[in-house]
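Accompanying notes for the structure given below.
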Amino acid sequence: MKEDRESNRFQGWPFHAEERREDGEINNGAFDLISQPHKIDSIHEATDANGLRPLIKYLNRPVGCFMTLGCAAGIEDDGLYYSYLELTIRYAELARSTDWPQEFEQKWKHFLERAESQTEGIRHLLEESCRMTYRHFYLRPEIDRRLLVCMDLRAVSEAHHGY
């Protein structure tokens, strides 16, 4: 996994909702889906059709080790369907560790093994169609500096994007 040193995406979580942009898109803001799982209904980008909704629900389940931070999905100018999903490890000590990228990859592989037993094909989708990078951010700004992983997925259409 490669470090993203050039990202202009948010640096602190939770981030606040934004007004509707000129292109019609809206940023809903951040939701703590671990303590408020029903808030997933407010994330318009996360659908069953594109696979983000079930993945986000699974990652934020009460017994998991990850938490999601944000996502987006849609069609780019090149006509391809894209999404990204940002996540971190819930445990503060591990999320701040200098060995964090290696620890994340180990926990991610374990997650994929468990997820594959429940959702056939998810492991292949996430291993083969996903580019993962990491960067620094603050969970609850200026209090808890951690590392965040961004998963970027591309597909020819929404139907080919989900699992």
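In this structure, Pro37 and Ile34 approach most closely via the heavy-atom pair CD-O, 3.9 Å. The two residues Ile43 and Leu33 have their closest heavy-atom pair at CD1-CD1, 3.8 Å. The heavy-atom pair separating Arg90 from Phe66 by the smallest distance is NE-O, 2.5 Å. Contact between Tyr81 and Ala73 at its shortest, heavy atoms only, is OH-CB, 3.4 Å. Taking every heavy atom of both residues into account, Ala72 and Leu52 meet most closely at O-CD1, 4.1 Å.
Here the straight-line distance linking atom CD of Glu45 with atom CG of Asn50 works out to 9.0 Å at 0.5 Å rounding. Note that SG of Cys71 is 11.0 Å distant from CG of Leu59, once rounded to the nearest 0.5 Å.
Contact of the Thr68 side chain with the Thr88 side chain is not registered, since no non-hydrogen atoms from C-beta on lie closer than 4.5 Å. In this structure, the side chains of Leu87 and Trp108 come closer than 4.5 Å at one or more pairs of heavy atoms.
A salt bridge is absent between Asp48 and Lys57; no separation between the charged side-chain nitrogens and carboxylate oxygens falls under 4.0 Å.
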Handout entry: side-chain contact (heavy atoms from CB on, under 4.5 Å) between Arg53 and Ile40, worked out
Key = CA-CA 8 Å; Arg53 183 182 176 89; Ile40 195 165; 3.7 Å; yes
Exercise for the section: Apply the test salt bridge (charged side-chain N to carboxylate O under 4.0 Å, His left out) to residues Arg135 and Glu86: give CA-CA distance (whole Å), side-chain angles for both, the deciding distance (0.1 Å), then the verdict. Expected result: CA-CA 10 Å; Arg135 69 176 188 278; Glu86 295 173 326; 2.9 Å; yes
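Under the 30°/60° scheme for interplanar angles, the aromatic rings of Tyr58 and Phe111 are found to be tilted.
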